[in-house]
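Right, one structure below, let's go through it.
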Amino acid sequence: MFVLDHHGPEALYAQLSRQLRERVLSGVLPSGAKLPSVRELAGELSVSRNTVESAYLELDAEGYIHARARSGYFVSDLEHETVPRMAGHASESEPGTGQEPGPRTESNRRFDFHPAGLDQDSFPAPLWRKYYLECLRESARDLVRYGHGQGEPELRQALALYLERSRGVACSAGQILVCAGLQHALGLVAALVRDTHPRVGVENPGYFLARSVLRTNCLEAVPIPVGPGGMDLDALKASSCRAAYVTPSHQFPLGQVMPVGARLRLIDWARAGGNVIIEDDYDSELRYQGKPIPSLQGLAPDADIVYLGTFSKVLSPALRISYMVLPHPLLARFRELLRHQQPAASLLEQRTLARFMAHGHFDRHIRRVRTRFREKHNALLHAVASHFGERAEIIGQGAGLHVVLRVPGLEIGEAELIRRASRAGIRLFPFSETLDGGGDWDGRLLLGFGAMSLPEIDEATHLLSGICLGRA
Ligand SMILES: Cc1ncc(COP(=O)(O)O)c(C=O)c1O
């Protein structure tokens, strides 16, 4: 509801655009939300269409909203997470208000630095279609019943072979659970360890979703600082945590590899205290310099290490297929506690994937995307060097789908930087989301390069350097 003062000094269109801007910034109007048509809103507020049109045009020019041909105006994605909610506005996405936030639309963003984005052409659509249709034809009987609770046996077989060969993970197909992403997998782990290991050390900075999933599943997620060798083991020991969530092969977000000495000490900690390590090996297929880093689990298959992996980084985050390898004691607990679990991933997608792997396509696909993402990674490093010069440093290069860029001496805060970038058509993901308990973002930006083409990477970095270095 907009309240316009027809007798005040401020023009009606300016009042309206101010109030709309506030609602967008506070998240009351979520990204993707459709605005009322000019005619509707003018009628509702008893003002001329010109007034509404002028307000919309102003907000469009500032990047808060955007027009879509023949569809009207929509709220742009401003990464609300970074913008504090303003008091006095109930969010329309809160329960009971009857509206859901619209889907995240990136249509107004030409450049997407999201750390988990892939480009559309990297997905092997023709082969996927072929195997999917084959599986559909052959699975008629199975489509009318539930699949295996741990995931389709042929996919788990293919995974066991792949993990042994490429990640040094020692496991049988029986230890594998096919999951629907990290959120699902960690939720299951939480159920398995809640009674025995209720305090979990999590890397700080670290993966925000892991932290929040543990907390929403009633575990205590204790932030443990990350040093040059990954999670600080002394701090972990001092925290009296009984479990640790780590990303040892490519620390998220800083990118370092946990050296073997630190891995062995972490394993000792787990063995000596009956503690559990949750190893998130989310993107280790994508290493561009040096040799691939074998998993922590492979160093000590008998220790209580839960190994998590995903198809999101190399195949598609939309498939929602990931996997988890459980150590034997937790597998026994799973069978005792969660034996009635239904499979979380679609039977057809699982079978399609199993077939894709069994025919050798997954290995070929990985080689192909590794080359593709290596080029993008190198293009980003090159673009940073040429557009930022000495004014910025890259942290954590050489792997995955993102790097961290640190720009010392920035004159604006993170939220303002993200807003300005957004106005320039650039989607940035806030580094501060990786920090637990409000640490300093320290001029660091998470730059994902997977979603953009090589020319886009260069252009986006150029624009970003203008914003950061005060040229824009
Ligand atoms: C650290 C980390 N772990 C895991 C994942 C993958 O999660 P999912 O399998 O739910 O897509 C991501 C995705 O960005 C990630 O950054």
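Atoms within each ligand, like the ligands themselves, are counted from 1 in listed order.
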Geometric class of the H114/F429 ring pair [parallel <30°, tilted 30-60°, perpendicular >60°]: perpendicular

Nearest neighbour of atom 8 (P) of ligand 1 from the list S312, G448, P115, on a heavy-atom basis: S312

Derivation of the side-chain hydrogen bond (donor to acceptor under 3.5 Å, both in side chains) call for H66 and S76: CA-CA 6 Å; H66 57 278; S76 302; 2.9 Å; yes

Residue among V202, V200, V213 satisfying side chain to side chain contact (heavy atoms under 4.5 Å, CB included) with L219: V200

Side-chain donor/acceptor of K313 to backbone N/O of D283, under 3.5 Å: no

Exam field: side chain E279 to backbone T247, donor-acceptor pair closer than 3.5 Å: no

Region of L182 engaging ligand 1 - heavy atom pairs below 4.0 Å: both

Provide, to 0.1 Å, the distance between [atom] and the closest protein heavy atom, together with that atom's residue and name.
| atom | result |
| --- | --- |
| atom 16 (O) of ligand 1 | Y207 CE1, 3.5 Å |
| atom 14 (O) of ligand 1 | K313 NZ, 3.2 Å |
| atom 3 (N) of ligand 1 | D280 OD2, 2.6 Å |

D268: salt bridge (Lys or Arg N to Asp or Glu O under 4.0 Å) partners, not counting sequence neighbours: none

Under 4.0 Å from a heavy atom of [X]: which atoms of ligand 1 are those, numbered in the order shown and with their elements?
| X | result |
| --- | --- |
| F252 | 1 (C), 16 (O) |
| T310 | 6 (C), 8 (P), 9 (O), 11 (O) |
| A116 | 14 (O) |

Non-hydrogen side-chain atoms of L143 and L348 separated by less than 4.5 Å: yes

Heteroatom proximity flag, S322 to ligand 1, N/O under 3.5 Å: no

R320 touching ligand 1 at heavy-atom level, < 4.0 angstrom: yes

